[in-house]
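Chain letters run A, B, ... following the sequence lines, proteins first and then strands; every chain starts at 1.
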Amino acid sequence: MPELPEVETIRRQLADRLPGRRIVAVSVRDPLLVAPLAPPDVAADLEGRTIVRVHRRGKYLLLRLDDGDDLAVHLRMTGRLHHSDAAPEEERFQRAVIGLDDGSHLTFSDQRRFGRLWRVPAGPAHWRGRVGVEPLGGAFTAARLAKLLEGRRAPVKASLLDQRLIAGIGNIYADEALFTARIHPRRTGGSLSPQEVRRLHRAIRASLRAGIAAGGASIDSYRDTLGRRGTMQDALRVHLHAGEPCRRCRAPIQKIRVAQRGTYLCPRCQPR
DNA sequence: CGACACTCCTGATGGC
DNA sequence: TGCCATCAGGAGTGTC
């Protein structure tokens, strides 16, 4: 599932190719993608606009339009964005095809139809309160993380997944970061020592950076904009490795459920 | 406000 | 082999 590293991989690819391109034709095949708006209205609204910049907020990909708004795209579980030089062939899970003035096409496809595409006003106001600090940005310090976790009684993993606190961490990188930091996912945020918070801070950034360097994790359906798989799935140390020996201590990796998510950990390296 | 359950979706999986 | 129930989960919403 696309998390920050996967969305960032897509962003970097599109940032090389989309700025300066004018949208000439929009075909929304699945009304759910743009609900509650109607596909023809969305098409008419976007056609003629020029994409000036490709940026990202957490897991939200943002295409800045020349009228000042952002076209926001969220891939959720199984969404994909594909950029092709020619018009794409019809495919079962195609939800929208955006034709650009150089003849290339941006295709949104999504098996499970959780993904969404919508227009938002540019700037931080829209995201304030909904999307928290960028974990790879300068504002995300160990002190900031400590403040976010201070007094929290929820499992620390639940807080890592809460997009209002930190933007872009999903189930994969939460598991990996907690393993690296040697913290049990069910520990409460408020129970972490300053040293543990520092370890977690470093581990979050290291895990996300590793994911970006690997071009994302293609566990299920994630592909980059050229249809290629990432390689981060091969570098995961606990996520999806239930029953296998821990790489650090050889104890069998456990799978438990935390915050309604399948959660992988080493019970010896990550004691409660 | 914080914590948590519920909901949306559909392909994959497991049991019988 | 076929059928059906269950599972997977990001984020928005509702409840206490």
Nearest 0.5 Å, please: how far is CZ in Arg247(A) from CZ in Phe179(A)?
8.5 Å

Looking only at the side chain of Lys255(A) (C-beta and beyond, no hydrogens), which of the listed nucleotides dG11(B), dG9(C), dA8(C) gets closest?
dA8(C)

Are Phe140(A) and His201(A), when compared by the centres of their aromatic rings, separated by less than 6.0 Å?
yes

Under a 4.0 Å heavy-atom cutoff, the residues of residues 143-157 of chain A touching DNA chain B are Arg152(A), Arg153(A), Ala154(A), Pro155(A)

Tell me whether the OP1 or OP2 atom of dA11(C) has a side-chain N or O from Gln163(A) closer than 4.0 Å.
yes

Does Arg116(A) put a side-chain nitrogen or oxygen below 4.0 Å from OP1 or OP2 of dG10(C)?
no

Would you indicate what Arg257(A) reaches in the nucleic acid, counting non-hydrogen atoms under 4.0 angstrom: base, sugar-phosphate, or nothing?
sugar-phosphate

Between atom CH2 in Trp118(A) and atom P in dG12(C), what is the gap in whole Å?
7 Å

Whole angstroms only, please: what is the CZ-P distance between Arg80(A) and dC9(B)?
21 Å

For Asp110(A), is there an ion pair with Arg95(A) - N to carboxylate O distance below 4.0 angstrom?
no

Rounded off to whole Å, could you give me the CD-to-C1' distance for the Gln260(A) and dT7(B) pair?
12 Å

On DNA chain C, nearest-nucleotide positions of Arg164(A) versus Arg112(A): which is more 5'?
Arg112(A)

Under 4.0 Å from OP1 or OP2 of dA11(C): is there any side-chain N or O of Lys59(A) that close?
yes

Atom CZ of Arg153(A): over 12 foreign heavy atoms under 6.0 Å
no

Rounded distance (Å) that lies between atom C1' of dA8(C) and atom CD of Glu3(A):
14 Å

With distance as the sole test, does Arg49(A) use its side chain to make a donor-acceptor pair with the main-chain N or O of Asp45(A) at under 3.5 Å?
no

Counting just side-chain N and O atoms, does His74(A) come under 4.0 Å of either OP1 or OP2 of dA11(C)?
yes

For Arg268(A), which residues count as a side chain to side chain contact (heavy atoms under 4.5 Å, CB included) partner, sequence neighbours excluded?
Cys249(A), Ala251(A), Cys266(A)

Under 4.0 Å between a side-chain N/O of Arg76(A) and OP1 or OP2 of dC8(B), yes or no?
no

With heavy atoms under 4.0 Å as the rule, sort Leu32(A) into base, sugar-phosphate or nothing.
sugar-phosphate

For Met1(A), report the nucleic acid contact type (base, sugar-phosphate, nothing); a contact means any heavy atom under 4.0 Å.
sugar-phosphate

Can you tell me how far C1' of dG9(C) sits from OH of Tyr173(A), to the nearest Å?
16 Å

Output the rounded distance in Å from CZ (Arg130(A)) to C1' (dA11(C)).
11 Å

Near Arg248(A) CZ, under 6.0 Å, is it more than 12 heavy atoms from other residues, nucleotides or ligands?
yes

Side-chain N or O of Arg261(A) less than 4.0 angstrom from OP1 or OP2 on dG10(C)?
yes

For the pair Arg57(A) (side chain) and Trp127(A) (backbone), establish whether a donor and an acceptor sit closer than 3.5 Å, ignoring hydrogens and angles.
no

Expressed as a whole number of angstroms, how long is the span from Tyr222(A):OH to dG10(C):P?
16 Å

Separation of dG9(C) P from His239(A) NE2 (nearest whole Å):
7 Å

